[in-house]
2 protein chains.
Amino acid sequence: MNRQRLLCADCKAPCLMKGINDLEAVKKVEEKKTVLVCSKNQKIFHEDMPVNSISFINSGIIKVYKTGINGKNHIIRFSRAGDILGHRGLNTEYYPVSASSIEDSSICLFPKDFFITFLGNHSRIAFKLLMFFSKELENSEIMQFNLAQMNVREKVAETLLYLNTTFGTDKNNRLNITLSRQDFSDYAGTTKEQVSKILSEFQSENLILLDKKDIIINELNELKKIASFGVHLS
Amino acid sequence: MNRQRLLCADCKAPCLMKGINDLEAVKKVEEKKTVLVCSKNQKIFHEDMPVNSISFINSGIIKVYKTGINGKNHIIRFSRAGDILGHRGLNTEYYPVSASSIEDSSICLFPKDFFITFLGNHSRIAFKLLMFFSKELENSEIMQFNLAQMNVREKVAETLLYLNTTFGTDKNNRLNITLSRQDFSDYAGTTKEQVSKILSEFQSENLILLDKKDIIINELNELKKIASFGVHLS
DNA sequence: CGCGTTCTTGAGCATGTTCAAGGCCAGTGG
DNA sequence: CCACTGGCCTTGAACATGCTCAAGAACGCG
């Protein structure tokens, strides 16, 4: 990992720290920011580490997950450019989750104390954060519902829809994210073997196409029908 | 249902609207408040109803849940005196969840617009709400984890621990909440029959005692061991 | 006291997990 | 450039778990 310079003014990511008019504040933000560049499969933070900073993703994809005692993880979300990271540490001394990069990534860190003070001085941003938390809570409760009530086929379809919504596809409908079967299943709430079997099943029904480790979505509407039992993330 | 007078000054519930020093603001809060008194098993609001107010529970217990298309519900939380209700409607036009009383209850309602303005003028309370959301998100993510990874025995033990932590017991270790098997299973993430079987099992192991519809906790530590695989709500 | 609802329990069944074997692919070193 | 190796993916078979269904019991509300 290494740290380098990156100006908010040059950054395209739609992050919360954007859109401050106060020039003095912008300067302060630049001053307090540290940029962390890391390659694929690096651990960003781990459960029970003290929370010293709140971060925003500049580029790459980060998985946020909880570790079970048997080593089986549960992935809470995949975060991308513009997303806040470590926000769950706001009210706690130690991280309640872990985060690892699944692609080469760069992240902007702000000291937690600074961030909290900053929120106090910028009520509009604090309010946006509040709305974001409310939205996050909604998504988390939908996940609860889906994990509690869907069967495996529905869970796999729902995960495909989530990946499609969150990361999108290129012009050939190829998902802009590549996951191992293990990561896929840790998010979907099943095992890697089941994911493999159900994805093969979807392929034989021509709903998707498996090309190396990539997934091409052929029939989005059919997948929606399969997952239609559940509620959808947005 | 009927509406009646209830002054914040006389109220013991630890709600967010407490602890304002500004007398003018206190007067305004009283002015905008509506009290709703309802008996057991009343619907407070329903998915897809427009969100007109944000509420606080004065007394009673309310279940907050999502409805599946097959009629099987998933209970998100049981809320009690002092808890905020309908906060998930803050960022949405329509409620994403439903709420029903499972005991006779009374609830203080504030118009949503007023509440949002109030937050803007009381940044300390807005910050407390932000911390509350962060905490809620933590609990919801723990529930995700538990639903994804626990077996039924662990889920039932975990639910008992949750009820014990949230509602406590009287001096005889009798839980201060009485649930139907259906509500219990809708929270735990299994079926009513499984709950019945596992509770009987726990009784035969002397971990709990079933007395009518009440549950008496004998061996809290043993239950903790059973659920120890998972993470715990706080 | 009677009736409807909820709870309990067992049996059969469906679903999903685990385990294991084999194949594929990418990276490495000769 | 090719063979080797390790990791990941796929697939089937055996097994475990939990769900559904059904019948009887207990409870609680007129």
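Quick note on labels: first sequence line is chain A, next is B, and so on, each numbered from 1.
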Ring centroid separation for B:Tyr162 and B:Tyr187, is it under 6.0 angstrom?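 Close enough - the centres of the two rings lie under 6.0 Å apart.
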Write down the protein N/O and nucleotide N/O pairs, taken from nucleotides 10-13 of chain D, whose separation is under 3.5 Å; answer none if there are no such pairs.
unit_1 : atom_1 : unit_2   : atom_2 : d
D:dT10 : OP1    : A:Arg181 : NH2    : 3.3
D:dT10 : OP2    : A:Arg181 : NE     : 2.6
D:dT10 : OP2    : A:Arg181 : NH2    : 3.3
D:dT10 : OP2    : A:Ser196 : OG     : 2.6
D:dT10 : O5'    : A:Ser196 : OG     : 3.1
D:dT11 : OP2    : A:Ser200 : OG     : 2.6
D:dG12 : O6     : A:Lys197 : NZ     : 3.4
D:dA13 : N6     : A:Lys197 : NZ     : 3.3

Using atom types as modelled and distance alone, determine if a side-chain donor or acceptor of B:Asn41 lies under 3.5 Å from a backbone N or O of B:Ile102.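 The answer is no, because no donor-acceptor pair under 3.5 Å joins these two groups.
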Atom [atom1] of [X] to atom [atom2] of [N]: distance rounded to whole Å?
X        : N      : atom1 : atom2 : value
B:Leu147 : D:dG18 : CG    : P     : 13 Å
A:Met150 : C:dG16 : CE    : P     : 12 Å
A:Glu201 : C:dT15 : CD    : P     : 12 Å
B:Asp214 : C:dT6  : CG    : P     : 17 Å
B:Gln182 : C:dT8  : CD    : C1'   : 15 Å
B:Arg153 : D:dT17 : CZ    : P     : 12 Å
B:Ile198 : D:dT17 : CD1   : P     : 11 Å
B:Asp183 : C:dT5  : CG    : C1'   : 14 Å

Check whether any side-chain N or O of A:Thr191 sits under 4.0 Å from OP1 or OP2 of C:dT18, and answer yes or no.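 No, no such contact exists.
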For D:dC8 and A:Lys213 - does any side-chain N or O of the residue sit under 4.0 Å from the phosphate oxygens OP1/OP2?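 No, outside the criterion.
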Cut-off 3.5 Å, side chains only: do A:Asp104 and A:Ser39 have a donor facing an acceptor?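 No, no side-chain donor-acceptor pair sits under 3.5 Å.
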side-chain contact (heavy atoms from CB on, under 4.5 Å), that's the test. Do A:Ile44 and A:Tyr95 meet it? Break it down for me. CA-CA 11 Å; A:Ile44 316 286; A:Tyr95 285 109; over 6 Å; no
Under-4.0 Å salt bridge between B:Glu201 and B:Arg153: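 Looking at B:Glu201 and B:Arg153, the cut-off is met.
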Ionic contact status for B:Glu205 with B:Lys225, cut-off 4.0 Å: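 Salt bridge: no.
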5'-most contact on DNA chain D: B:Val152 or B:Lys40, nearest heavy atom basis?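 Mapping each residue to its closest nucleotide by heavy atoms, the 5'-most match is B:Val152.
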Distance under 6.0 Å and angle within 45° of the ring axis: does A:Lys135 meet both against A:Phe132?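 No, A:Lys135 does not lie over the aromatic ring of A:Phe132.
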